[in-house]
Student: 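I am attaching a structure below and will ask some questions about it afterwards.
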Amino acid sequence: MGIVFVRIRARWALFAATRQTLAQLIVFAVLNVGMTVLQLVLMPIMKALFGMTALVDVGFQALPIGSEYYIFDYAAGPLPDGGGGLAYFLAVQLTLAIAQVLNFFAQRNITFKSNSNPWVAAAWYTLAYVVISFGAAALQGLYKAPVYDLFISVWGLGATGEAIADMVTMLINALISCAVYFPIFKIIFPSTPAPVVVVAREHADA
């Protein structure tokens with residue numbers, strides 16, 4: 001078993017050396033799957049915790065586009081009739097924030113093995129996260145209500161349908177993030193080869 005592992009590791013090292021971008025993409029995708037699973041575990045917990053508060057009945061609708069559409073659209077009241085209120089917004093954002101903090105360290109150290117300034121990378125990562133979050137929120141405003149209505153009301157699955165809808169929306173978010181983040185990470189997580197130090201040796205004459 002140990003020999004097989006060593007051979008697999010050696011072949012992967014050769015593959016990563018000759019197909020660096022493809023190897024990074026594979027590792028990036030595997031780590032994203034892990035982060036998606038983490039979000040699927042965290043989201044019901046966060047939603048349940050915030051759902052026990054009065055924040056469910058506090059609407060959060062921000063950044064209007066026109067008279068009826070909001071980038072962040074979490075109308076007061078439980079789903080599907082309402083938008084989950086401030087409780088749902090906080091559950092989503094806290095879940096994403098935890099996953100993205102872990103994702104930053106994992107992608108920087110494992111996928112790209114970056115040795116760039118971590119503070120500069122963190123600043124760019126935060127900026128990218130904010131921009132992508134706005135874009136994802138805008139798209140979620142288009143599909144969130146129909147997804148929840150489908151599973152809860154149309155198919156009559158009730159609480160089970162709500163849990164499934166949570167998973168579907170998180171998966172859509174994860175797919176959007178996966179497609180957008182990789183080229184950004186290639187830029188903000190550079191890896192500069194370490195300089196080769198040549199040590200001169202003096203030979204004393206016999």
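Please read all numbers here as calculations on a predicted model, not as lab measurements.
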Student: For F60, which of F89, Y88, F50 qualifies under ring-ring contact (aromatic ring centres under 6.0 Å, His included)?
Tutor: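 So, applying the ring-ring contact (aromatic ring centres under 6.0 Å, His included) to F60 and each of F89, Y88, F50, only F89 qualifies.
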Student: Does a donor on one side chain and an acceptor on the other come within less than 3.5 Å for Y125 and Q100?
Tutor: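 A donor-acceptor contact under 3.5 Å links the two side chains.
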Student: At what distance, to the nearest 0.5 angstrom, does CD1 of I45 lie from CG of L40?
Tutor: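 Going from CD1 on I45 over to CG on L40, the span is 11.5 Å.
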Student: Could you go through the side chain to side chain contact (heavy atoms under 4.5 Å, CB included) check for F151 and M167 one step at a time?
Tutor: CA-CA 11 Å; F151 287 101; M167 294 178 62; over 6 Å; no
Student: What I'd like to find out is whether the side chain of F112 reaches to under 4.5 Å of the side chain of Q24, using heavy atoms alone.
Tutor: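 Yes, at least one pair of side-chain atoms sits under 4.5 Å.
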Student: Within this structure, what is the CD1-OG1 distance for the pair I164 and T169, rounded to the nearest 0.5 Å?
Tutor: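 Separation between the atoms: 12.0 Å.
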Student: Using side-chain heavy atoms (C-beta onward) and a distance below 4.5 Å, is L49 in contact with M52?
Tutor: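 Sidechains of M52 and L49: in contact.
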Student: Test your reading of the model: is there a side-chain donor-acceptor pair from R108 to the backbone of S116, 3.5 Å cut-off?
Tutor: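 Yes; at least one donor-acceptor contact below 3.5 Å.
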Student: As an exercise, state the distance from CE of M43 to CG of L38, rounded to the nearest 0.5 Å.
Tutor: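 Here the interatomic distance stands at 13.0 Å.
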Student: Same hydrophobic cluster for V120 and F105, using side-chain heavy-atom links shorter than 4.5 Å among ILVMFWY?
Tutor: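 V120 clusters together with F105.
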Student: If a pair satisfies side-chain hydrogen bond (donor to acceptor under 3.5 Å, both in side chains) and one of its residues is in residues 36-47, list it, with sequence neighbours excluded.
Tutor: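 Counting only pairs at least two positions apart or across chains, the side-chain hydrogen bond (donor to acceptor under 3.5 Å, both in side chains) contacts touching residues 36-47 are K47-E162, K47-D166.
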Student: Of all the heavy-atom pairs spanning A76 and D57, show the shortest one and how long it is.
Tutor: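 Between these two residues, the closest heavy atoms are CB-O, 3.5 Å.
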Student: Tell me if a side-chain donor or acceptor on S114 pairs with a main-chain N or O of P190 at a distance below 3.5 Å.
Tutor: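 Flag set: sc S114 to bb P190 pair under 3.5 Å.
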Student: Out of curiosity, does M35 fall in the hydrophobic cluster containing V30 (side-chain heavy atoms, cut-off under 4.5 Å, transitive links)?
Tutor: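 Cluster IDs for V30 and M35 differ.
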Student: Using 30° and 60° as the class limits, which term best fits the ring planes of F185 and F189: parallel, tilted or perpendicular?
Tutor: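 Ring orientation of F185 relative to F189: tilted.
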Student: What heavy-atom pair brings V41 and P44 nearest, and what distance separates the two atoms?
Tutor: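 Nearest heavy atoms, V41 then P44: O-CD, 3.4 Å.
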Student: Would you give the length of the straight line joining atom CD1 of I110 to atom CG of L31, rounded to the nearest 0.5 angstrom?
Tutor: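 If we round to the nearest 0.5 Å, I110:CD1 and L31:CG are 5.5 Å apart.
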Student: Is the shortest side-chain heavy-atom distance between L96 and Y129 below 4.5 Å?
Tutor: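 A side-chain contact exists here, since the closest heavy-atom pair is under 4.5 Å.
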Student: Check the hydrophobic clustering (I, L, V, M, F, W, Y; side-chain heavy atoms under 4.5 Å; chains of links allowed) and say if Y148 and V56 are grouped together.
Tutor: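 Different clusters: Y148 never reaches V56 through Ile, Leu, Val, Met, Phe, Trp or Tyr contacts under 4.5 Å.
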Student: Using the rule that Ile, Leu, Val, Met, Phe, Trp and Tyr join whenever any side-chain heavy atoms are under 4.5 Å apart, tell me whether L102 and F28 fall into a single cluster.
Tutor: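 Yes: a chain of side-chain contacts under 4.5 Å links L102 to F28.
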Student: Quick check: is V101 connected to I188 through a chain of hydrophobic side chains (ILVMFWY, heavy atoms under 4.5 Å apart)?
Tutor: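 Shared cluster, yes.
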Student: Working to the nearest 0.5 Å, report the span between OH of Y181 and CZ of F104.
Tutor: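 Answer rounded to 0.5 Å: 11.5 Å.
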Student: Kindly compute the distance separating OG1 (T111) from CD1 (I26), expressed to the nearest 0.5 Å.
Tutor: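 CD1 of I26 is found 11.0 Å from OG1 of T111.
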Student: With the side chain counted from C-beta on, respond yes when V27 and Q107 share a heavy-atom pair under 4.5 Å apart, and no when they do not.
Tutor: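 No, their side chains stay 4.5 Å or more apart.
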Student: Would one find more than 12 heavy atoms of other residues, nucleotides or ligands at under 6.0 Å from atom CH2 of W12?
Tutor: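 Enclosed: over 12 neighbouring heavy atoms sit under 6.0 Å from CH2 of W12.
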Student: What I'd like to find out is whether the side chain of W124 reaches to under 4.5 Å of the side chain of I184, using heavy atoms alone.
Tutor: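 SC-SC contact between W124 and I184 ruled out.
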Student: Applying salt bridge (Lys or Arg N to Asp or Glu O under 4.0 Å), name anything that partners D73, two or more places apart in sequence or on another chain.
Tutor: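 With sequence neighbours excluded, D73 shows a salt bridge (Lys or Arg N to Asp or Glu O under 4.0 Å) to no residue whatsoever.
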Student: Kindly determine whether L90 and M46 satisfy side chain to side chain contact (heavy atoms under 4.5 Å, CB included), including the steps that lead there.
Tutor: CA-CA 8 Å; L90 292 175; M46 295 297 179; over 6 Å; no
Student: Can you check side chain to side chain contact (heavy atoms under 4.5 Å, CB included) on R11 and F15, steps first, answer last?
Tutor: CA-CA 6 Å; R11 289 181 180 178; F15 175 76; over 6 Å; no
Student: Do the non-hydrogen side-chain atoms of L25 and F182 ever get within less than 4.5 Å of each other?
Tutor: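 L25 vs F182: side chains touch.
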Student: Any donor-acceptor pair under 3.5 Å linking the side chain of N103 with the backbone of A99?
Tutor: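 Checking the backbone N and O of A99 against the side chain of N103, no donor-acceptor pair under 3.5 Å is found.
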Student: Could you please spell out the steps behind the side chain to side chain contact (heavy atoms under 4.5 Å, CB included) verdict for L94 and L42?
Tutor: CA-CA 9 Å; L94 188 55; L42 281 178; over 6 Å; no
